[in-house]
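To start, the structure under review is shown below, and the notes come after it.
All chains are named by letter (A, B, ...) in the order of the sequence lines, taking the proteins before the strands, and each is independently numbered beginning at 1.
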2 protein chains.
Amino acid sequence: MATRVEPEAGPRSKRAAILAAAVDCFGETGFEATKWSTVAERVGIGQTALYHYFESKTHCLLTIMRLELQRSHDKFSETTADVTDPVEALRAAVRAAYDVSDHEILQMRILHNHMDLLSGPRKSKREEAERVEARQLVQLVERDWTNLLVRGMSQGVFPLRDAQLLGAGVLGLIVSVWRWYRPSGPTPLSEISDLIEGACVRMVAT
Amino acid sequence: MATRVEPEAGPRSKRAAILAAAVDCFGETGFEATKWSTVAERVGIGQTALYHYFESKTHCLLTIMRLELQRSHDKFSETTADVTDPVEALRAAVRAAYDVSDHEILQMRILHNHMDLLSGPRKSKREEAERVEARQLVQLVERDWTNLLVRGMSQGVFPLRDAQLLGAGVLGLIVSVWRWYRPSGPTPLSEISDLIEGACVRMVAT
DNA sequence: AAACTGAATTGAACTTGACTCAAGTTGATC
DNA sequence: GATCAACTTGAGTCAAGTTCAATTCAGTTT
């Protein structure tokens, strides 16, 4: 496990502040709709100072996406590591997917609203580096879910099916929520979590 | 049911050609990545001629989205109209959702990659009109699925659950495919359709 | 303390691509 | 062949992202 070192070292670096502000702006206003200069304003620096930390607005977006993917994968691993029963592991994984802060909800929204960015190659070096890394993390997360299903199937707990396809389905079902969910909305996240948890179990274990 | 009259009347109108070209470009290259002028080129007209038909690039996108939503709703209605058994209706609806041409696949991709556009209001009149109409169609499609579930639940065929939330889940699961599916990919759409059909039935009817 | 260093920051100019406008062309109809 | 609406264009404007050379700042060396 080579843990990446985020370049946030310098004590007067505003990288973290920029990322936080960008998540707020991109998440609430939308990536295209938010002016890059607005992010600078919110941090309290000039527009051009942003380019000291990120090569472009898109580079910042890709970084946010990669960080969120990393977080998702890590949380999945932590949560399911010590659960042997496949059904319980599945339940725990779904619950973990919805055990998130408001800020993380925004990151989810940003991530899934811009997944298409990961398909085509980018022109600049650093953007492309982030894209490739994010792309790999997507595959890693997909494999996380596939493996969970494979484990259950080989134990005879889940009926045999195309684990990869079904895993994509489960994952798709879970993340589809971030398209429409708003913390201010009428349905509490806990209720959603419960319903999706049940749905996933039925989908996989029936 | 007031059926909208698409302004494609004039015999030398290139509106349909523009829409078709835009679907190809936006679907393959992505909306942001494709230059508006490229669409004009592909149709064989000057860039400014586009503005005779669409107020803006975004207006064209919103129109594509609305048309696709209309198509989805119509297809759902046609398919489920004469099926009384809820389980069979559900199966038929899922199958219909994946019974699409290559061009329609692109439209799906475009639609679901830009759903977020429908949340915030637009500045210009015609864009806003398309947005509102699309927004209503989204709700209509959601209601289509919810009603299908409600019908099954009240008949005692489906266990009682939050039909609206479960409907959103089913719909989310189905459309999540358009994020990653490519006709050139390894998995044929028929296989995906079968797996999702089964998954939906288990999710809802178990 | 003065000199030095690299990180951080800035204002002004540049680039790109969406969009506007005034003027022109085309084709159906009378 | 005159008229009118639909359609098309060239020559621009404008907004927002980006580049770059010059500058400030904080910490380190001498």
Side-chain angles (χ1 to χ4, degrees), chain A residues 5-22 25-26 29-64 110 114 117 120 122-131, chain B residues 5-22 25-26 29-64 110 114 117 120 122-131:
Chain A
V5 179
E6 293 296 333
E8 299 166 20
R12 95 191 140 107
S13 166
K14 281 174 182 136
R15 204 183 117 99
I18 293 171
L19 280 170
C25 292
F26 296 170
T29 319
F31 175 70
E32 306 299 340
T34 71
K35 292 183 218 169
W36 200 203
S37 60
T38 304
V39 176
E41 246 174 60
R42 190 172 295 205
V43 176
I45 57 178
Q47 322 184 27
T48 46
L50 293 170
Y51 292 91
H52 182 71
Y53 300 97
F54 298 100
E55 203 173 17
S56 65
K57 192 184 169 192
T58 306
H59 179 220
C60 178
L61 172 64
L62 285 164
T63 303
I64 291 171
I110 293 168
H114 298 92
L117 259 188
R122 303 260 93 211
K123 291 188 177 167
S124 84
K125 274 280 160 58
R126 296 169 68 195
E127 274 184 23
E128 178 64 5
E130 288 286 13
R131 186 190 73 88
Chain B
V5 179
E6 292 297 333
E8 299 165 20
R12 97 190 139 106
S13 167
K14 280 168 184 144
R15 204 184 119 98
I18 292 171
L19 280 170
C25 291
F26 296 170
T29 318
F31 175 71
E32 306 300 340
T34 70
K35 293 183 216 167
W36 200 203
S37 60
T38 303
V39 177
E41 245 173 63
R42 192 172 292 205
V43 176
I45 57 176
Q47 320 184 22
T48 44
L50 293 170
Y51 291 92
H52 181 71
Y53 301 96
F54 297 101
E55 201 172 17
S56 66
K57 193 184 168 190
T58 306
H59 178 221
C60 177
L61 173 63
L62 285 165
T63 303
I64 291 171
I110 295 167
H114 298 94
L117 259 188
R122 304 260 92 211
K123 293 189 176 167
S124 84
K125 274 278 160 58
R126 296 169 68 196
E127 276 184 22
E128 179 63 6
E130 287 287 12
R131 187 190 74 86

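Remark: P of C:dA18 and CD of B:Glu41 are 12 Å apart, rounded to the nearest angstrom. The nearest whole Å value for the distance from the OH atom in A:Tyr53 to the P atom in C:dG6 is 17 Å. Between the CZ atom of B:Phe54 and the C1' atom of C:dA18 there is a distance of 16 Å, given to the nearest Å. Separating the CG atom of A:Leu50 from the P atom of C:dT10 is a distance of 10 Å, rounded to the nearest angstrom. For B:Arg122 and C:dA18, the CZ to C1' distance is 13 Å, given to the nearest whole Å.
In this structure, A:Lys14 fails the cation-pi test against A:Tyr53, since its NZ or CZ atom is not both closer than 6.0 Å to the six-membered ring centre and inside 45 degrees of the ring normal.
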For a quick check, with a 4.0 angstrom heavy-atom cut-off, what is the B/S/- contact string for nucleotides 10-20 of chain D, read 5' to 3'? BB----SSBBB
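When every heavy atom of A:Arg131 is checked against every heavy atom of A:Leu117, the shortest pair comes out as CD-O, 3.7 Å. Of all heavy-atom pairs between A:Phe54 and A:Arg15, the closest is CE2-NH1, 3.7 Å. Across every non-hydrogen atom of A:Ala21 and A:Val39, the tightest pair is CB-CG1, 4.2 Å.
Contact check, B:Lys14 against D:dT8: a side-chain N or O comes under 4.0 Å of OP1 or OP2. Phosphate contact (OP1/OP2 of C:dT9, side-chain N/O of A:His52, threshold under 4.0 Å): absent.
Just one residue in the list B:Arg126, B:Arg122, B:Lys123, B:Glu127 forms a side chain to side chain contact (heavy atoms under 4.5 Å, CB included) with B:Ser56, and that residue is B:Glu127.
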So A:Leu50 and A:Val43, side chain to side chain contact (heavy atoms under 4.5 Å, CB included) or not? Walk me through it. CA-CA 10 Å; A:Leu50 293 170; A:Val43 176; 5.5 Å; no
